[in-house]
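A short write-up of the structure that comes next.
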There are 2 protein chains.
Amino acid sequence: MGLDKINWKLLTLLSQNGRLTYAELAKLVHLSAPAVAERVRKLEELGVITGYGVQVNLEKAGIPITALIGCQVYRTKEREFKALIMEVDEVIECYNVTGPYAFMLKVGVKSMSKLDALLERLIDLSDTNTMMIMSQPVDRTMPLNIAQQD
Amino acid sequence: MGLDKINWKLLTLLSQNGRLTYAELAKLVHLSAPAVAERVRKLEELGVITGYGVQVNLEKAGIPITALIGCQVYRTKEREFKALIMEVDEVIECYNVTGPYAFMLKVGVKSMSKLDALLERLIDLSDTNTMMIMSQPVDRTMPLNIAQQD
DNA sequence: ATTGAAATTACCGTTGA
DNA sequence: TCAACGGTAATTTCAAT
């Protein structure tokens, strides 16, 4: 739990550039490369770091349409809904949240007709509210300056 | 735009493991390592790949509370709101969307009082609707099986 | 295939409990 | 005194060309 300042720095640096080498990280946190390697290894072991990935510009990748979909799932259909969601390729993120919109989805599609087809699949299990994403002014992996937060 | 099947495969593989080497990628797509390196280089140049990062378990990192906040921003305060959002450390993602909730935020905080303080900062510029995140059954970088989408 | 860099290992020293 | 952590150096692996 209590990650120290250096581990936070490492997480922040890696979230901004997951390909930094241990030597580069070492310079940035004023430690030796093996010391950094050991810290990162432990962060992975603890499950704090769960993996490494690329950041993709979906628009440039040929996915021009992304949307958030608030889903007011019918009380008896929650389990079924969750199972469905996990099978739908277009779903990028799915949050189970408090409040009337039990699930919030982020989806990416190639066309409006694809989006329409997707909503059709959901409508049997929930009322949906679709919000088209126009821009994303902030996109991070985690909060900033976490060390400063009490 | 028209990324071919192999480039999609590369993107998918890298989104699942951003540390795969060119040699490993080469085996998985049945090409030579230099050919893969060239493709990845071009994807970066085109801006399809915008970076590399780590995936972090916020809970294990000591950020136990995450929430989505729908923000109904007052008509005259949109610019001010956007400026504020970009300065708030706790904001992880911010989407500008269609519909009454002009902005949807994903935030991460260490305590409920921190969340309360954050909402206080927003309330002058917008009506907010907070949804606490209980779980995230799907977390991807992009849609699956994109090649199959027409 | 060769060169160079990065990861890993082993070993030692320091510190603090 | 012992456990935890970091540094240095040598070795081995591996990636880029």
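Worth knowing before you read on, the calculation uses all heavy atoms, side chains too, and leaves out hydrogens, waters and symmetry mates. In what follows, chains carry the letters A, B, and so on, assigned in the order in which the sequence lines appear, proteins first and then strands, with residues in each chain numbered from 1. Keep in mind the model is a prediction, meaning the values are calculated, not measured.
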In whole Å, what is the span from the [atom1] atom of [X] to the [atom2] atom of [N]?
X        : N      : atom1 : atom2 : result
Lys27(A) : dG7(D) : NZ    : P     : 14 Å
Lys42(A) : dA3(D) : NZ    : C1'   : 11 Å
Leu25(A) : dG6(D) : CG    : P     : 14 Å
Arg39(A) : dG6(D) : CZ    : P     : 4 Å
Ile6(A)  : dG6(D) : CD1   : P     : 7 Å

**Prompt:** Can you tell me if Glu93(A) and Tyr95(A) form a side-chain donor-acceptor pair at under 3.5 Å?
**Reply:** yes
**Asked** Would you say the side chains of Tyr74(B) and Asp124(B) form a donor-acceptor pair under 3.5 Å?
**Response** no
With a 4.5 Å heavy-atom cut-off, do [X] and [Y] have their side chains touching?
X         : Y         : result
Met112(B) : Asp116(B) : no
Met86(B)  : Val138(A) : yes
Gln72(A)  : Ser126(A) : no

Considering only distance and modelled atom types, tabulate donor-acceptor pairs under 3.5 Å from the side chains of residues 34-43 of chain A, sequence neighbours left out.
{"unit_1": "Glu38(A)", "atom_1": "OE1", "unit_2": "Arg41(A)", "atom_2": "NE", "d": "3.3"}
{"unit_1": "Glu38(A)", "atom_1": "OE2", "unit_2": "Arg41(A)", "atom_2": "NH2", "d": "3.1"}
{"unit_1": "Arg39(A)", "atom_1": "NH1", "unit_2": "Asp4(A)", "atom_2": "OD1", "d": "3.1"}
{"unit_1": "Arg39(A)", "atom_1": "NH1", "unit_2": "Asp4(A)", "atom_2": "OD2", "d": "3.2"}
{"unit_1": "Arg39(A)", "atom_1": "NH1", "unit_2": "Asn7(A)", "atom_2": "OD1", "d": "2.9"}
{"unit_1": "Arg39(A)", "atom_1": "NH2", "unit_2": "Asp4(A)", "atom_2": "OD2", "d": "3.1"}
{"unit_1": "Arg41(A)", "atom_1": "NH1", "unit_2": "Glu45(A)", "atom_2": "OE2", "d": "3.0"}

Tabulate protein N/O versus nucleotide N/O from nucleotides 13-17 of chain D, keeping only pairs under 3.5 Å, one per line.
{"unit_1": "dA15(D)", "atom_1": "OP1", "unit_2": "Thr21(B)", "atom_2": "OG1", "d": "3.4"}

**Request:** Classify the nucleic acid contact of Arg19(A) as base, sugar-phosphate or nothing, counting any heavy atom under 4.0 Å across all strands shown.
**Result:** nothing
**Message:** Counting only heavy atoms from other residues, nucleotides and ligands, does the tally under 6.0 Å from CE of Met134(A) exceed 12?
**Reply:** yes
**Item:** Range on DNA chain C touched by chain A - first to last nucleotide, heavy-atom distance under 4.0 Å
**Value:** dA6(C) to dT9(C)
**Message:** Please evaluate residues Tyr52(A) and Tyr52(B) with respect to the criterion ring pair (Phe, Tyr, Trp, His ring centres under 6.0 Å), reporting the C-alpha separation (whole Å), side-chain torsions for both, the decisive distance (0.1 Å), and the verdict.
**Reply:** CA-CA 8 Å; Tyr52(A) 297 83; Tyr52(B) 298 83; over 10 Å; no
